[in-house]
Amino acid sequence: MGIVIDPTQQHTVDVEGATFSVVSLTGRQVLGLSQTLSNVETNADGVYQVLHKCVKSWDGVTTGEGAALPCSGENLDALPVDVAVKVFEFIASLSGLTGGDQGN
């Protein structure tokens, strides 16, 4: 069959009642972020950098009043850290990153 590359293929992950549609990191992105990704335990900014590159849409993320929030950079940055980490870990697994690559 050979090597299949489809950088537009989206995957979904459900976290705390919300569904996130994501793509994996490309090989080039993994290499470009390798130093950042190896330090995510001490520098959570790498988690959000990955989310900005890979989260394409979401459903179920709302304001306190229940209004749907658009998937934007500003709103990605507002995600609670525990939610951001769960989405990041899913993206990392899609991207072929091991625990060592993720700073674990």
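Basis for what follows: all heavy atoms, side chains included, without hydrogens, waters or symmetry-related copies. For clarity, every value in this text was computed on a predicted model and none was experimentally measured.
Shortest non-hydrogen contact noted between Ser24 and Gln29 is O-OE1, 4.3 Å. Of all heavy-atom pairs between Leu33 and Gln49, the closest is CD2-OE1, 3.1 Å. Contact detail for Val23 and Gln9: the closest heavy-atom pair is CG1-O, 3.5 Å. Here the closest heavy-atom approach between residue Leu51 and residue Phe88 is recorded as CD2-N, 4.0 Å.
Trp58 is not listed as a side-chain neighbour of Val87, based on a closest heavy-atom distance of 4.5 Å or more.
Clustering ILVMFWY residues whenever any of their side-chain heavy atoms sit less than 4.5 angstrom apart, transitively, puts Val83 in the very cluster that holds Val81.
Just one residue in the list Val30, Ile91, Val55, Val22 forms a side-chain contact (heavy atoms from CB on, under 4.5 Å) with Val50, and that residue is Ile91.
By the side chain to side chain contact (heavy atoms under 4.5 Å, CB included) test, Pro70 pairs with Asn75, sequence neighbours left out.
For the pair Tyr48 (side chain) and Leu79 (backbone), a donor-acceptor distance under 3.5 Å is present.
If you take NZ on Lys53 and OG on Ser95, they are separated by 12.0 Å, rounding to the nearest 0.5 Å.
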Side-chain donor-acceptor contacts of residues 59-68 below 3.5 Å, not counting sequence neighbours, with atom names and distances?
unit_1 : atom_1 : unit_2 : atom_2 : d
Thr63  : OG1    : Glu65  : N      : 3.2
Thr63  : OG1    : Gly66  : N      : 3.4
Thr63  : OG1    : Ala67  : N      : 3.1

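For Glu74, the CD atom is loosely surrounded, since the number of other residues' heavy atoms within 6.0 Å does not exceed 12.
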